[in-house]
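The structure appears right after this line, and notes come after that.
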Amino acid sequence: MLLKVASRCNLNCTYCYVYNMGDDGWRSQPKRMSGSVQAAIFDQLEDLARLQDRPFSVVLHGGEPLLLGAERLDDLLGSLRGRLPSQCSLHLQTNGTLLDDEMLDICANYDVGISISLDGPEAANDRFRIDLKGKGSQARVMEAIQRVRAHPKAKELFSGLLAVVDPGTDPQEIYTFFKNTGTPSVDFLYRDGNHDLLPFGKATFDSTEYGQWMSKILDCYLADSAPPKIRVLDDMLKLILGGMARKEGVGLSEYGIVIIDTDGSINKNDTLKSAQSSADLFSSDWSVLEHSLHEIVNTAEFQAYHVAQNPSSAECRSCPHLAVCGGGMPAHRWRKDSEFDNPSVFCADQQFLIDRMRQWINGQYAAA
Ligand code: SF4
């Protein structure tokens, strides 16, 4: 469950799929989630946890969720913690610039794991992650990382960093930088794009800039005896070895992330906005103010979305890498004429990376 508690952001990252990839849905959303929407969410989530008898994670997201302010954050997290079973974990995905000691204490009180977005050293980060005046954000985010690491409950609080890949950077330098931040984990995301709008830094559908970059990160990771965890690499390696992935975007597990916007409307994973405007909307006009979440997740329309990680294209269905790659993120399969019925725009990159992983596993790469 991703709760969009604030629909605006105090940064204006140039690659952001919410504000800068053609979808204007945020303009018509209330700036902050109201008390009445929050009250409906508490009821709905409590019912869902009881009726489906299976825990889920709740992630506060935005925009920038800390724009909610300390008092309202405290109320929101207190209610979620009080109403949901302890197996439902709470998380915060933040750009870090508003993460002061008061916010950290609130998160610590309610057992909230914090992930902070950061792309690397100043030059790499501040090329894209800028504020509304065009100023870089890296120095402020580094202060937030120091603050969370110095907190008495740092171990419970600090989940890790989330970085967007720029294949023009030096992967060895980026890996060393992240390791030196002391983060317990770093997750890498590819830049958004699709067959009609190639991702930044990718020359053609067949080129492998991202695959080569990630393979160098893989080499650093596997050669390091005390690395920070890299979730996407762990997931892919586990899948090659016959295990399961933990998050969406690789493998064939079903996820069906539910987004609840600031006005209470219920939508699909908002990364789909990068494919085309409104691609994240269900055809049904669902809202936590009027509809039961438990009933919604059992509709045919929601179930079709829930299995969307499983790709439909003939190339993917017959691909020897399918169980590991999973056709990539659904948003990255988009082409206007054939919609999502295509391999990922990162198909060649994923094949390159999976081949390197198999070489490592078979002992061929290390020996080479
Ligand atoms: S995107 Fe490419 S590598 Fe991935 S499953 Fe589809 S065809 Fe295979």
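Order of listing sets the numbers, starting from 1, for every ligand and every atom in it.
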What number of protein N, O or S atoms occur at distances under 2.8 Å from atom 2 (Fe) of ligand 1?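 For atom 2 (Fe) of ligand 1, protein nitrogen, oxygen or sulfur atoms under 2.8 Å: 1.
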Verify the cluster assignment for Val324 and Leu241: are they in a single hydrophobic cluster under the rule of side-chain heavy atoms below 4.5 Å apart?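 Yes, same cluster.
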Can you tell me if Asp263 and Ser287 form a side-chain donor-acceptor pair at under 3.5 Å?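 Asp263 vs Ser287: no donor-acceptor pair found between side chains.
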Could you list the residues that satisfy salt bridge (charged side-chain N to carboxylate O under 4.0 Å, His left out) with Asp261, not counting sequence neighbours?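 Testing Asp261 for salt bridge (charged side-chain N to carboxylate O under 4.0 Å, His left out), a comparison that skips the adjacent residues, returns none.
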Is it the case that over 12 heavy atoms from other parts of the model lie below 6.0 angstrom from the CG atom of Asp285?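 At most 12 heavy atoms, drawn from other residues, nucleotides or ligands, come within 6.0 Å of this atom.
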Any side-chain to backbone donor/acceptor pair from Asp235 onto Arg246? Under 3.5 Å, distance only.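 It does hold such a pair.
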Heavy-atom donor-acceptor pair, Glu64 side chain to Leu66 backbone, under 3.5 Å: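 Yes, Glu64 side chain to Leu66 backbone: donor-acceptor pair under 3.5 Å.
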